[in-house]
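Report on the structure given below.
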Amino acid sequence: MFTRVTSDIIKNLITIVGENNVITDTEMLENYAHDETPLYYSLPEVAVKPSGPKEISEILKLANEKRIPVTPRGGGTSLSAGSVPIYKGIVLSLERMKRIKEIDEKNLMVIVEPGIVTGEMDREIEKHNLFFPPDPVSLDSCTIGGNIAECAGGPRAMKYGVTKNYVTGLEIVLPDGGVVRLGGKLLKNVTGYNLIELIIGSEGTLAVVTEATLKVLPCPTVIFSLLIPFKTVADATQFSCEVIKMGLMPTAIELMEGDVVRAVGKYLGRDLPFSDAEAHTIIEIDSFDISEGRRHYERLGEVAMKTGALDVFVAESQKDRERIWEPRKKIGEALKVQTTIVAREDLVVPRDRISDLISQLKDCVKKYNGTLYAFGHLGDGNIHTDVGFSDIKEAAEKRIDNNIIKTMRREMYEITIRLGGTITAEHGIGLSKIQYLPLALNRRALELMAGIKKEFDPNNILNPGKIFG
């Protein structure tokens with residue numbers, strides 16, 4: 001179906017981007033063969049690093065003419081194997097395209113290239129008293145282009161929404177090399193179909209983003225963090241529902257289930273408060289008035305105690321807030337050194353079903369001798385569920401017998417769907433969830449999506465093998 005990358009193709013790519021920006025060395029290509037998804041790996045034939053839309057257009061024209069697969073890549077932090085070049089071919093790395101082209105303080109907009117690291121952009125616009133609300137945990141390594149490809153969220157999504165709520169304009173390059181500009185510094189725009197939202201979350205299968213216009217907001221002047229442990233996940237879930245029902249909208253309500261709390265405490269080498277509790281919640285509040293913010297957290301504390309909280313810890317200083325958030329941010333590192341992760345899921349259900357979801361998933365995973373580590377965004381129903389095996393030998397055997405892992409994952413998804421949820425909230429389908437997509441979408445919906453893909457990319461060169469088999 002696809003053409004191999006020949007020496008002549010390599011010469012053409014060098015002509016387009018320069019010799020220093022074409023990678024063919026096997027050892028260096030290893031960096032582009034995987035992302036953060038367990039078990040997926042595929043070495044590309046070549047990686048190229050363009051500097052702008054003109055070079056990307058020429059690369060895609062060449063690839064489209066020769067039928068060579070192209071896998072766009074940002075920071076490589078995907079958790080669905082979305083940037084793994086399963087058909088080899090060309091990896092199109094956007095790492096050189098990392099400029100902030102404009103900070104427009106009057107219109108509260110920024111214009112950036114896709115390769116800029118999200119955290120770096122955040123720090124630059126903060127100098128202008130601005131902030132970009134989506135805050136994935138990987139913000140110090142993920143890129144804006146990747147955030148757009150996956151419609152990334154993060155803890156603050158509960159109050160502020162996700163990436164799609166902040167993209168007002170895009171420049172994209174189509175698989176045939178055509179360059180299209182969509183939207184701009186506009187808060188309202190119903191000029192035809194909303195192609196911007198079609199590109200957001202499309203996982204690099206429809207077009208390559210080369211520029212993004214993003215809405216930003218003024219920085220809150222005060223931020224408070226609360227750590228509230230609960231005896232059970234059910235109590236924590238009830239707390240979250242009560243808070244939202246009362247109109248007390250904090251910036252974030254994060255959850256760490258008991259096994260996660262104890263794993264992180266072991267990793268950090270210290271006992272975390274109430275480490276025997278089965279649910280820790282972290283709440284963030286932001287405000288432009290310190291008195292209003294304090295009244296807000298006092299009311300949250302009252303709700304917490306009425307719904308079974310074991311205690312309420314409040315942090316006002318940045319140092320104390322960082323100490324409360326440190327365990328949440330260290331989960332990935334803690335699990336990596338204490339267990340072998342064979343599945344990293346980002347399931348989503350109505351927020352009142354979170355306790356049921358975690359309980360049923362724990363029973364499911366236990367049948368396969370695994371441990372479920374649950375954490376994530378309690379306020380919006382999006383729970384990350386990593387499955388690990390503490391016995392390395394057993395994990396290796398499970399990896400070899402991929403069918404066991406596939407059966408377990410299917411059962412996890414079926415549980416989630418029965419509870420009114422779906423199989424991914426912010427990681428995307430990528431490569432790892434393709435075979436499970438029909439569980440979540442009916443045949444007609446899949447046909448419509450496949451038709452859109454064919455219209456954009458009739459030769460199927462752009463990130464092939466992702467979303468659709």
Side-chain angles (χ1 to χ4, degrees), residues 36-38 75 77 79 117 119 123 135-142 154-156 223-233 235-236 239 251-284 297 301 304 309-346 358 361-362 365-366 369-378 383-396 398-399:
E36 293 298 317
T37 317
T77 59
L79 290 168
V117 172
R123 288 184 283 275
D135 61 332
V137 173
S138 60
L139 61 84
D140 284 324
S141 52
C142 67
R156 291 196 294 240
I223 300 175
F224 303 114
S225 296
L226 285 68
L227 171 63
I228 307 178
F230 289 88
K231 186 176 181 180
T232 67
V233 174
D235 289 342
F239 163 71
T251 310
I253 304 178
E254 293 290 285
L255 171 73
M256 296 189 297
E257 190 266 337
D259 286 335
V260 173
V261 172
R262 291 180 281 275
V264 176
K266 183 177 179 181
Y267 173 76
L268 294 175
R270 68 172 192 262
D271 289 332
L272 300 181
F274 291 92
S275 59
D276 57 341
E278 290 308 315
H280 279 201
T281 61
I282 300 174
I283 294 86
E284 184 172 285
Y297 75 59
L310 300 173
D311 207 338
V312 177
F313 301 90
V314 179
E316 294 194 2
S317 71
Q318 181 174 342
K319 182 179 179 181
D320 288 341
R321 287 191 288 108
E322 288 175 353
R323 188 170 178 83
I324 279 180
W325 277 96
E326 184 185 22
R328 172 68 181 90
K329 294 180 178 180
K330 295 292 186 180
I331 291 172
E333 297 171 32
L335 296 182
K336 188 177 291 186
V337 300
Q338 295 179 54
T339 187
T340 298
I341 299 297
V342 297
R344 304 186 72 179
E345 309 296 346
D346 73 315
I358 293 175
L361 290 181
K362 277 187 167 291
V365 168
K366 192 180 295 183
N369 297 319
T371 301
L372 185 92
Y373 298 95
F375 56 95
H377 317 308
L378 186 63
I383 297 298
H384 301 294
T385 52
D386 288 6
V387 179
F389 291 90
S390 56
D391 187 312
I392 302 301
K393 181 175 182 295
E394 181 182 11
K398 290 289 190 300
R399 182 179 288 120

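Bear in mind that the values here come from a model prediction, so they are computed numbers and not experimental data.
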What are the two closest heavy atoms between [X] and [Y], and how far apart are they?
X    : Y    : result
A309 : I228 : CB-CG2, 3.5 Å
L372 : D259 : O-OD2, 4.2 Å
S225 : I324 : O-CD1, 3.8 Å
P229 : L227 : CD-O, 3.8 Å
P155 : A252 : O-CB, 3.2 Å
A343 : P38  : N-CG, 4.5 Å

(message) Looking only at the side chains, is there a donor atom on one of H384 and E345 sitting less than 3.5 Å from an acceptor on the other?
(response) no

(message) Under a 3.5 Å cutoff, is there a donor and acceptor pairing between the side chains of Y267 and Q338?
(response) no

(message) Regarding E278 and R262, does a basic nitrogen lie under 4.0 Å from an acidic carboxylate oxygen?
(response) yes

(request) I would like to know whether Y373 and I331 meet side-chain contact (heavy atoms from CB on, under 4.5 Å); could you show each step before the answer? (result) CA-CA 9 Å; Y373 298 95; I331 291 172; over 6 Å; no

(message) Looking at D311, I'd like to know if its CG atom is crowded, meaning that more than 12 non-hydrogen atoms belonging to other residues, nucleotides or ligands lie closer than 6.0 Å.
(response) yes

(request) Look at atom NZ of K266 and say whether more than 12 heavy atoms of other residues, nucleotides or ligands are closer to it than 6.0 Å. (result) no

Working to the nearest 0.5 angstrom, can you tell me the gap between [X] [atom1] and [Y] [atom2]?
X    : Y    : atom1 : atom2 : answer
W325 : E254 : CH2   : CD    : 5.0 Å
L268 : E326 : CG    : CD    : 5.0 Å
D140 : T77  : CG    : OG1   : 11.0 Å
F313 : I282 : CZ    : CD1   : 12.0 Å
I283 : L255 : CD1   : CG    : 10.0 Å
T251 : D135 : OG1   : CG    : 9.5 Å

So, does [X] use its side chain to make a donor-acceptor pair with the main chain of [Y] at under 3.5 Å?
X    : Y    : result
H280 : F274 : yes
R328 : M256 : no
T339 : F389 : yes
S317 : D320 : yes

(request) Name the orientation class of the two ring planes belonging to F224 and Y297 (parallel below 30°, tilted from 30 to 60°, perpendicular beyond 60°). (result) perpendicular

(request) Answer yes or no: is there a side-chain heavy-atom contact under 4.5 Å between I341 and K336? (result) no

(request) Side-chain contact test, heavy atoms from C-beta onward, threshold under 4.5 Å: evaluate it for K329 versus E322 and give yes or no. (result) no

(request) Check the pair T37, R344 against side-chain contact (heavy atoms from CB on, under 4.5 Å), reporting the backbone distance first and the verdict last. (result) CA-CA 7 Å; T37 317; R344 304 186 72 179; over 6 Å; no

